[in-house]
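The block underneath contains the structure these notes are about, expressed in structure tokens.
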Amino acid sequence: MHTLPASGDSTHRGLHSLKNARKALDNEPLLRFREAKKVLGDVYGELKDNVAELEAVYGEIKDEKIVASEQRQEVEAIRDSIKTIMDTFQRDNMKVVFFGRTSNGKSTTINAMLHEKVLPQGMGHTTCCFLQVQGCDEEKGYLQLDDNEDKKLEMEMLSKIGDALSNENEDLPAMGQDSLLKIFHPKQTETGENRLLQNDVVILDSPGVDLSPEFDGWIDKHCLDADVFVLVSNAESTLTQAEKNFFLRVSKKLSKPNVFILNNRWDASAADMDNIESVKKQHLTRFRQFLVDELEVCNEREVNDRIFFVSAREVLEARLKARGIITRNYQADGHGTRALEFQNFERHFEQCISKSAIHTKFEAHNRRAHEMIGKMRTNLNTVLTSAAEQRTNLQNTLNENTRLFNECRVNFSTFEKAYREQTERLRAEVHLKVSADFFEEIARLDAIIDRFEEPFDGSSAGMTKYKQDLAVFVDKCLSSDLEARCTGGLMSRIWNLENDMFQYVTKILAEPYQNKLEEVWRYRAPFKFSICVDVPALVNDFHEDLEFRFTFGLHAMIRRIIAYRSGQPVTAINANLLTPLSLQKKNAENVVRDENMAAAAEEQAMMTQMVLTSAAFLANGSLGVLVVGGIVYKAVGWRVIAIGGAAYGGLYAWERMRWNSSAKEQHLKEQFRSHLAARMQHVAAAHTTHCETQAIREMDQVFDGLRATVGGVHREMKADLDEQKTVIDGVDSVIRTLGTIKGKAVFLLRNLEQFASSYLRSDSPSSP
Ligand SMILES: Nc1nc2c(ncn2[C@@H]2O[C@H](COP(=O)(O)OP(=O)(O)OP(=O)(O)O)[C@@H](O)[C@H]2O)c(=O)[nH]1
């Protein structure tokens, strides 16, 4: 017995096993069915895996543009069809139906073919319903009623249920003639393997056709899937009309059924040696006529392999004896020839049933598999086309976005360069404007100071407070004036510049990102210069000089010279210049406040000393004075000297007369203005730089804000690009996977073609 791997065994998938075993299998037609079943089962198994893989791939693709619901549903439908076919596939078998009149020996023939007494037989026994024998993997056989598949009955019940004459079957379920009782007989028994059952052959025994049969019902219920019909006739009589009628109905319902005719009980004719050949000839003529002309199921050449003269009883008993079940067997003359004829029948029967079953069962499955693979390929092609289109779209979008991204980066660096140039230009403008405003404001100082109307108090404390208040007042006026001038003059310029920057950056950003910029821009406060002149600090070293001092007096002159030489306001020069330095140091608290001022005081003292020394030199050198006086006297005459002296004295008297409180206030204000103006000129450069810094800082802030936003946008764009690349990679991988599945489908198609040529083509060994 040849053993084949069980159907669905993946390690033996493919057709190669077939080729290797081809020769052996040609002699074992029943194995061909199993092998074909296995090969096609493997194809279906692979198709199922393929569809499952495809379904999983579709499941992962969320994009409806690639896989439309129509394609998904189609794959699900293919998956369900495969499952249904595979389920029926497992049940596919080779079916033979035995017909004939009562007691012609159908049961005996079946038992002989099974090498075992499976069905009850005997003269006293009449089969009353359809009995179907099929193999089971269990060790012990059992019965099953067709309409109650869940219930297993004991094998011992068989003779009671199947026997119409039994008295004990009254309490058993009523079995109509067309009802079916399934007999599951172990494929493997203690005495060996049952070849037919092992190879998926199902045998159906029928009630006698002479028992008022309902042919149509029988055929519809039990015979539509039959591969072979065996008519067991009695060699001692001829074919009855009932037998003929049955097969005429069969050949009407099934196109070209495979019919074998067994002339059973041929042993009974053995005694009549003289007539045997003429009887056989007579039978043959009738049967040929019936098969070829009436039924038209075979031609003259084939019919010889369809009619056999046998003795089922002899064969059965011989086989039972061979297995040691009985000790004596029935044999009549010529039993050897009949035994050979029976074997001949079995060989032809096996070839016929195998070929027929392969065709009827697997041709349809093969065609369905073709259709499903075709559908799957069309489905795959649709999805592949959509995927390719989607990929092109994605790639175009990616290219466009990459171009926008690069363009945006280049534009921003161009913008940055332009921004640097603009800021430098703005710096120059701020410099010009602020310094001009500042100097204008210095020029307007007397007007500001004149607006200060606090009553003037000449006392020392009153003076200090007056000066402090004046400083605060001027500071306030100056700061607000300068702020208003500078901001007013530059605000629109700065705002325009900022707006231009915003507009430019808006333009270089792609549309979806523009609103981000607007959000940043919307909450920006307008620019304003913050100006702090700090007048109190500037007039910190201011020392008013309200002593009456004649304009052309020595003291005033020295101070003016020192102020001129040191580049400081005259009011910053100590009033007590002629007081010795050692004495001044005792009042150091008031005069020298810090190291700088100490250094200034020391410098002033040195200058005073120098001027005084020069004056003393002139005064003390009497000879020099006399010489100079003489020269002057000689040059201009006494009248001019007298007029000069009178003018000098007159000037002194006039100035002395005008020296009152109001004059002091005016003097103080004038001194304050002049001191402040000089100080402000000193700090003008620092002030301008401070304003420039503010303007530049403002611009930098705006630029930084824009850069941060653009940077964020760039990061976002980059992330988008990366994501798009990932999506494209995903689509690529889908296309690759689908390509692989498509390749597998093509391979499966080839397998199906090969299957068809090996099993289904008319010139294949299995073809009928
Ligand atoms: N001499 C002889 N007797 C046979 C032969 N075949 C069957 N018989 C006998 O005929 C009788 C009836 O055989 P079955 O096999 O029960 O006949 P059946 O066609 O199954 O009858 P039903 O079950 O009633 O339809 C049995 O006693 C068999 O021993 C044969 O070839 N030669």
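Counting starts at 1 for both ligands and their atoms, following the listed order.
- Taking every non-hydrogen atom of A312 and a distance limit under 4.0 Å, the qualifying atoms of ligand 1 come out as 31 (O).
- Residue-ligand proximity, S103 to ligand 1, at heavy-atom distances under 4.0 Å covers atoms 12 (C), 17 (O), 18 (P), 19 (O), 21 (O), 22 (P), 24 (O), 25 (O).
- Taking the side chain as every heavy atom from C-beta outward, I741 and V57 approach each other to under 4.5 Å.
- At least one N or O atom of K106, backbone or side chain, sits closer than 3.5 Å to an N or O atom of ligand 1.
- Between the side chains of N379 and E74, a donor-acceptor pair is found at a separation under 3.5 Å.
- The shortest N or O to N or O distance between S206 and ligand 1 is not below 3.5 Å.
- Annotation: side chain of F260 is not in contact with side chain of F229 (no heavy-atom distance under 4.5 Å).
- Close contacts of ligand 1 with S311, meaning ligand atoms under 4.0 Å from a residue heavy atom, involve 30 (C), 31 (O), 32 (N).
- Side-chain contact between M94 and L196 is absent, with no heavy-atom pair separated by less than 4.5 Å.
- For G105, a nitrogen or oxygen atom sits less than 3.5 Å from a nitrogen or oxygen atom of ligand 1, counting backbone and side chain alike.
- Taking each of R265, R313, R101 in turn, the one with a heavy atom nearest to atom 29 (O) of ligand 1 proves to be R313.
- For F290 and F287, the ring centers sit 6.0 Å or farther from each other.
- H222 and Q132 share no side-chain donor-acceptor pair at under 3.5 Å.
- For the pair N264 and ligand 1, the shortest N or O to N or O distance falls below 3.5 Å.
- Where the criterion is an N or O separation shorter than 3.5 Å, residue side chain and backbone included, D205 fails it with respect to ligand 1.
- In this structure K280 satisfies the side chain to side chain contact (heavy atoms under 4.5 Å, CB included) test together with W266, E277, F309, sequence neighbours excluded.
- Only the side chain of D267 comes within contact range of ligand 1, with a heavy atom under 4.0 Å; no backbone atom does.
- Between P120 and ligand 1, no pair of N/O atoms sits closer than 3.5 Å.
- Nearest-heavy-atom check against atom 15 (O) of ligand 1 across N104, T108, L262 picks out T108.
- Ring geometry for F362 against F89 counts as tilted: the plane angle lies between 30° and 60°, on a 0 to 90° scale.
- Below 4.0 Å from some heavy atom of S107 lie the following atoms of ligand 1, by number and element: 15 (O), 20 (O), 23 (O).
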Which pairs would a plain distance check flag for residues 365-374, meaning a side-chain donor or acceptor within less than 3.5 Å of a matching protein atom at least two apart in sequence or in another chain?
residue, atom, partner, partner atom, Å
H365, NE2, D92, OD2, 2.7
R368, NH1, E371, OE1, 2.8

